[in-house]
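Read through the structure below, which is laid out as structure tokens, and then see the notes.
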Amino acid sequence: MSDNQQTTKNYKDTVFLPNTTFPMRGGLPQKEPEIMARWERLDLYKKLRKERKGREKFILHDGPPYANGHLHIGHALNKILKDVINRSQSMMGKDANYVPGWDCHGLPIEWKIEEEYREKGRDKDEVPIEEFRRECRNFAAHWMNVQSEEFQRLGVLGDWKDPYYTMKFESEAIIAAEIGKFLMQGSLYRGSKPVMWSPVEKTALAEAEVEYNDHTSTTIFAKFELIECPIEALIGNFIVIWTTTPWTIPGNRALAYGKNIDYIVVLIKRVTDTSLALEGQTIIVSELLFENICAQCGILEYKVKNKLKGHELKGSIANHPMAKAGYDHTVPLFDGDYVTTEQGTGFVHIAPGHGPEDYDLAHIKNGIEVPDTVNENGVLMEHLPVFSGLHVLRDNLKIAQIMAEHDGLIGIGKLTHSYPHSWRSHAPVIYRNTAQWFISMDTDGLREYALSALAQTLFYPVAGQRRLTSMIENRPDWCLSRQRAWGVPIPVFVEKKSGKPLKDQKVVDRITSIFRTEGCDAWFTSPPSRFLGENYDPDSYEKVNDIADVWFDSGSTHAFVLEQREDLHSPADLYLEGSDQHRGWFHSSLLESSGTRFKAPYKGVLTHGFVLDEQGRKMSKSLGNVIQPQKIIQQSGADILRLWVVSSDYYDDLRIGTEILKRQSDHYRRIRNTLRYLLGALDGFDNLQSVQFDKMPELEKWVAARLFDLDKTIKEKANIYDFHAVFTELHDFCNGDLSAFYFDIRKDMLYCDAIDDESRRAALTIMDMCFKSLVAWIAPILCFTADEAWFAYTKNDEDSIHLCEYQKIPLGWENSELIKKWSKVRSIRSEVTTALEKARIESKIGGSLQASVKLSLPEEEATHLSGIDLPTLFITSDAQIVISKNSKIKVEVNLAVGDKCGRCWKILPEVITNDGICKRCEEVVTAMV
RNA sequence: AGGCGCGUAGCUCAGUUGGUUAGAGCGCACGACUGAUAAUCGUGAGGUCGGCAGUUCAAAUCUGCCCGUGCCUACCA
């Protein structure tokens, strides 16, 4: 026994074991920054540009993230996916130039600055606009830098030294010029629209600046006398509405009914002493709500005269409740599909200036003019009869009483309900009709252009096309203006006399060129005469002080990035963002480009889902399930995060959590160890001669055929951005084909055959190709690890795998017959391993080399094994075949006969008479001395 | 509430035009090896394919309803 051990030890030095500097464990959190530093030193991005110069370009245009905070996991997903795509396109030989960008203007940054002011006790309105804008600019610049670092730490390769951003002077100039195009072609127009308005701050508010608190409103039941109706008997009866905002009555221009709602026509017979309802009058209200109305309006006795469905009122016209007091316009009735019978009367009064739905139904759908009734202080305007000077928040009871005096009501009440308030002052807000600038969807055919552009765009996944299309089909005109400070101004002058915007390309050009050198601050700091030039009198023109919707900024990136940079082109090959951007960037970019260039700025659109936690819940601070990418990078490394991206179905929502990340680390180790084994085996291969393909053993040819197929599949999948499939293929190849099969079988040959034996060299030749192929295939995904492995292989500090392309696999390696054959071989092999396991459980054998197998199998199965060395295939010491008539394969396992070779550990009869070593090993060892 | 999606083993995913006992990898359990060793190899156990109903000789796959969930709108007189 001790003899044997000593012998074994002696032979160990004669075995060619794998040897490599590439460690088993990645230590990614430490290693990755080192690799980044090398990329930096090599100037990898520039070097790659030089390397790919003149090649076909692939342009994935970066959707700009908003520069106001650290990255979250969604950013990481987005940028990693972009990087994987860019790197894979580069590996396929294209010049995939990636220019990252940032969105800098807009409300959230304004808020932050305002917040800082509040902390210092300063009033925003007293700060000069240029100072305020300067602080916004500094804020955005700060976060751009932070995010840039964080993105680069993810391994994202791009032009980080010269990115684009919307607040760059040149960008601002071109954004203004783009607005100028809409102005010149006539689709930019001034209209009006109800927006959230705070009478206290005298300013428009964004949706996010509004909070909902309880508020007690005076409610009224107002009556509208029918003067025209398809059911003639109803003329002279009263439609009753209920509202919580009596101040909107002067702005009433229509009524809405629900076409399927059941209404009743009721004669009022007796009422309470205090009731405002009049005995003998006939009202029309919802049948369902009538009881409630009686209670609130003091109706004691009544008679139902008739019943009808809402649609029977189609085409009716009523008088305003204050018709006799000067409100003598007619009030048409429309079908409002949003009318419900949850509360009120089943009729809704429509004031197009004071609610989005009202605006939509009356103005958009039915062309009713929107009246101006409320000024910026929340006071009803001078031109209004009776109500002029009353305040919309304070005087509602007074308004109700006046209406009651004019016999316009049947009841007054009170209601406490959730109501929007200003985030800043906590005062109630109202919807107020405000002048706004719009881009028309239809006057210049914008909708048509956009829709036909969409039809020609490739979507990944295809569902995105329908989603965007239906949005474009249904959307109203683009409201371009914001009553804000931090953004690109709408660079328009309005002629005071005519109220029309000034359309002069020379003025637009002047504005653009000033913005280009000074930024668009100039709009706010320079006298109008500078822009107007000599042909226009500044006193006759009003300068528009609104800024543009920031979606217009980012929607114009194709104009100031893709078209401007020599190293890019438009349209981009791909836009890639989260699925929320159907409403956002995909949408605004499409409209901007369709309006000015009559085509989409992209050939393809890829959307990914949102990142959820391990249970599929959305991440939120309150749930405490937010996972920060920085933390994952610290603990596991960016390559693990990158692996997570490609092992998920990113078209759908993705989940992340501890178990999921643990699985990624498992997958990572498997791929890393495969590379490590290849590197170890290839140690010293550069001193050996490689072997011609046709001289290789069949098993090596099979590996070659697998490489060929894999190469084809990976390129196909990469071209349709299906990296989940790429990853699966790669993992299965490393796992199933190499580690569990090919490597396992070839260990004996690699370790024990003569170092320069032809078969051994053939194996190494193919393993060399495996390594070079694999490392390139994984490079777009595991960008750090691939480069680390590449360095361990080349020992060249000046090189990077990211400068390479995918290995060219010789056409002659394709062999589908061989693939088919070896799939059969492997299923027979699996029968053997199962039988070996059974013998192991019975303690017949331990390692498979202790076994000798005899398999009986039908002739046609046996033919698959012809020419294959069976003990090698099964990793046993002996194996024989017996042809049987039974269609089932039978495997008999016995102990191999002979002694164990001290070097190769096979059990062979020859070892007994050969001094503890087999003949092959003896020859090899002898030759070594 | 509406529009667009999603729901297959503990986890990540395959499942072509409906067609045998629903697949893979990981994890897990058990075992082997100790010459890929904080590795490697083998074997095995895991699923009423979200639920219910229907169409059909046959449904994870088609239809309807419901439940859960995500994105985008709308949350109102």
Side-chain angles (χ1 to χ4, degrees), chain A residues 8 11-12 15-20 24-25 212 219 241-245 248 255-256 336-340 342-351 354-358 417-418 431 461 463-464 466-468 470-471 474 578-584 587 607 609-612 614-618 644 647-649 651-655 657-667 669-670 673-674 676-681 724-725 727-728 731-732 735-736 739-741 743-744 747-748 750-752 830 832-838 840-841 843 845-850 875 903-905:
Chain A
T8 308
Y11 285 124
K12 178 152 183 166
V15 172
F16 310 113
L17 295 176
N19 178 36
T20 173
M24 186 142 85
R25 299 180 58 113
Y212 287 80
T219 60
I241 65 96
W242 175 77
T243 179
T244 57
T245 52
T248 59
L255 298 174
D337 49 16
Y338 57 89
V339 179
T340 66
E342 273 163 35
Q343 53 182 344
T345 64
F347 290 103
V348 176
H349 110 87
I350 305 294
H354 301 295
E357 284 176 326
D358 301 47
H417 59 148
S418 171
Y431 272 105
R466 202 176 8 189
R467 190 167 172 187
L468 240 184
S470 87
M471 280 177 185
N474 297 316
S579 61
D580 58 332
Q581 297 302 324
H582 285 108
R583 178 58 71 189
H587 194 109
T607 52
F610 273 66
V611 184
L612 310 174
E614 201 137 28
Q615 278 89 50
R617 299 170 306 179
K618 70 163 93 182
W644 163 73
S647 67
S648 305
D649 174 14
Y651 291 139
D652 197 354
D653 292 337
L654 321 87
R655 298 183 180 198
T658 47
E659 172 165 7
I660 293 167
L661 285 168
K662 179 84 181 3
R663 290 296 85 80
Q664 301 322 317
S665 297
D666 293 333
H667 291 143
R669 277 210 307 274
R670 168 40 54 120
N673 273 321
T674 306
R676 182 174 133 88
Y677 190 73
L678 285 165
L679 282 166
H724 182 265
F727 163 72
T728 309
H731 185 263
D732 288 355
N735 200 32
S739 194
F741 185 63
F743 291 169
D744 214 24
K747 273 178 195 168
D748 175 70
L750 291 169
Y751 298 171
C752 300
S830 148
V832 174
T833 53
T834 305
L836 287 171
E837 185 63 23
K838 221 174 136 202
R840 201 169 280 135
I841 288 165
S843 299
I845 58 162
S848 61
L849 280 178
Q850 289 181 321
I875 318 182
R903 185 163 176 275
C904 72
W905 297 347

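Excluded from the calculations below are hydrogen atoms, water molecules and symmetry mates; all remaining heavy atoms, backbone and side chain alike, are included. In what follows, chains carry the letters A, B, and so on, assigned in the order in which the sequence lines appear, proteins first and then strands, with residues in each chain numbered from 1.
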Between A:Arg669 and B:A39, is there a side-chain N or O to OP1/OP2 distance below 4.0 Å?
-> yes
Which nucleotide in B:U43, B:U12, B:G25 has an atom nearest any side-chain atom of A:Arg655 = B:U12
Assign A:Asp652 to base, sugar-phosphate, or nothing according to its heavy-atom contacts below 4.0 angstrom with the strands shown.
-> sugar-phosphate
May I ask you to say whether A:Asp744 pairs ionically with A:Lys747, meaning some side-chain N is under 4.0 Å from a carboxylate O?
-> yes
A:Tyr751 and A:Cys904, any side-chain heavy atoms less than 4.5 Å apart = no
Picking from B:U43, B:C11, B:A38, the nucleotide nearest the side-chain atoms of A:Ile660 would be B:C11
Answer yes or no: is there a donor N or O on one side and an acceptor on the other, between the side chain of A:Trp644 and the main chain of A:Arg663, under 3.5 Å?
-> no
Have a look at A:Phe347 and say if it touches a base, only the backbone sugar-phosphate, or nothing, with a 4.0 Å heavy-atom cut-off.
-> nothing
B:C41 versus B:G35 - spacing of their C1' atoms, nearest Å | 14 Å
Within less than 4.0 Å of OP1 or OP2 of B:C41, is there a side-chain N or O belonging to A:Arg670?
-> yes
Establish, with yes or no, whether the OP1 or OP2 oxygen of B:G3 is under 4.0 angstrom from a side-chain nitrogen or oxygen of A:Asn474.
-> no
CZ of A:Arg840 versus P of B:C30: gap in Å, rounded?
-> 17 Å
A:Arg583 has an atom CZ; how far is it from atom P of B:G2, in whole Å?
-> 18 Å
Please determine, for B:U17, whether a Watson-Crick or G-U wobble partner exists with both distances under 3.5 Å, and give it or none.
-> none
In whole angstrom, give the distance that lies between atom CG of A:Asp748 and atom P of B:C41.
-> 17 Å
To the nearest Å, give me how far apart CZ (A:Arg466) and P (B:G3) are.
-> 13 Å
Grab the CZ-C1' distance between A:Arg467 and B:C4 for me, whole Å please.
-> 5 Å
Both distances under 3.5 Å, Watson-Crick or G-U wobble: report the partner of B:G27, or none.
-> none
Base, sugar-phosphate alone, or nothing: which one does A:His724 contact when heavy atoms must sit under 4.0 Å apart?
-> sugar-phosphate
Which nucleotide in the list B:A77, B:A36, B:U43 gets nearest to the side chain of A:Tyr751?
-> B:A36
Check every strand shown and say whether A:Gly680 touches a base, only sugar-phosphate, or nothing at a heavy-atom separation below 4.0 Å.
-> nothing
Closest approach of A:Gln850 and A:Ile845, non-hydrogen atoms and distance?
-> OE1-C, 3.4 Å
Mate of B:C62 where both pairing distances stay under 3.5 Å, Watson-Crick or G-U = B:G54
Supply the atom-to-atom distance A:His582 NE2 to A:Arg466 CZ, rounded to the nearest 0.5 angstrom.
-> 10.5 Å
Do the ring planes of A:Tyr677 and A:Phe743 sit parallel (below 30°), tilted (30 to 60°) or perpendicular (above 60°)?
-> tilted
Between B:C72, B:A38, B:G31, which nucleotide gets closest to the side-chain atoms of A:Met24?
-> B:A38
Quick note, A:Ala740 side chain, CB onward, closest among B:C71, B:A36, B:C41 is B:C41
Assign A:Lys662 to base, sugar-phosphate, or nothing according to its heavy-atom contacts below 4.0 angstrom with the strands shown.
-> nothing
Ignoring hydrogens and geometry, is there a side-chain-to-backbone donor-acceptor pair from A:Ser848 to A:Ile875 under 3.5 Å?
-> yes
If pairing requires Watson-Crick or G-U wobble contacts with both distances under 3.5 Å, which nucleotide is the partner of B:U40?
-> B:A32
Here the distance between atom C1' of B:C75 and atom OH of A:Tyr431, to the nearest Å, is 10 Å
Is B:G46 syn or is it anti, if syn means the base angle is within 90 degrees of 0?
-> syn
Taking only side-chain nitrogens and oxygens of A:Lys618, does any of them come within less than 4.0 Å of OP1 or OP2 of B:U69?
-> no
Within the structure, does a side-chain N or O atom of A:Tyr11 lie under 4.0 Å from either OP1 or OP2 of B:G35?
-> no
Taking the P atom of each, how far is B:G44 from B:C62, in whole Å?
-> 33 Å
Provide the distance between the two P atoms, one in B:U61 and one in B:A22, to the nearest whole Å.
-> 14 Å
Is A:Gly616 touching bases, backbone alone, or none of the nucleic acid, heavy atoms closer than 4.0 Å?
-> sugar-phosphate
If you look at every strand shown and take non-hydrogen atoms under 4.0 Å, does A:Phe610 touch a base, only sugar-phosphate, or nothing?
-> sugar-phosphate
What's the spacing between A:Arg467 CZ and A:His587 NE2 if we round to 0.5 Å?
-> 12.0 Å
Measure from CG on A:Leu17 to C1' on B:G35 and round the result to the nearest Å.
-> 4 Å
Roughly how far apart, to the nearest Å, are B:G50 and B:C67 at atom C1'?
-> 7 Å
Checking all strands, does A:Ile841 fall into the base, sugar-phosphate, or nothing category for heavy-atom contacts under 4.0 angstrom?
-> nothing
Nearest-angstrom distance, P atom, B:C49 to B:A59 = 12 Å
Taking only the side-chain nitrogens and oxygens of A:Arg676, find out if one of them lies under 4.0 Å from OP1 or OP2 of B:U40.
-> no
Between B:A36 and A:Ser739, is there an OP1 or OP2 to side-chain N/O distance shorter than 4.0 Å?
-> no
Kindly indicate whether the side chain of A:Asp666, heavy atoms from C-beta on, has any atom under 4.5 Å from the side chain of A:Lys662.
-> yes
Applying the 3.5 Å cut-off to both distances, the Watson-Crick or G-U partner of B:A1 turns out to be B:U73
Does OP1 or OP2 of B:U12 have a side-chain N or O of A:Ser648 closer than 4.0 Å?
-> no
Strand partner of B:G7, provided both Watson-Crick or wobble distances fall under 3.5 Å | B:C67
Comparing A:Ser848 and A:Tyr651 on RNA chain B - which has the more 5′ nearest nucleotide | A:Tyr651
Of A:Ser470 and A:Asp744, the one whose nearest nucleotide on RNA chain B sits closer to the 5' end is A:Ser470
Taken to the nearest whole Å, CH2/A:Trp905 to C1'/B:U40 is 12 Å
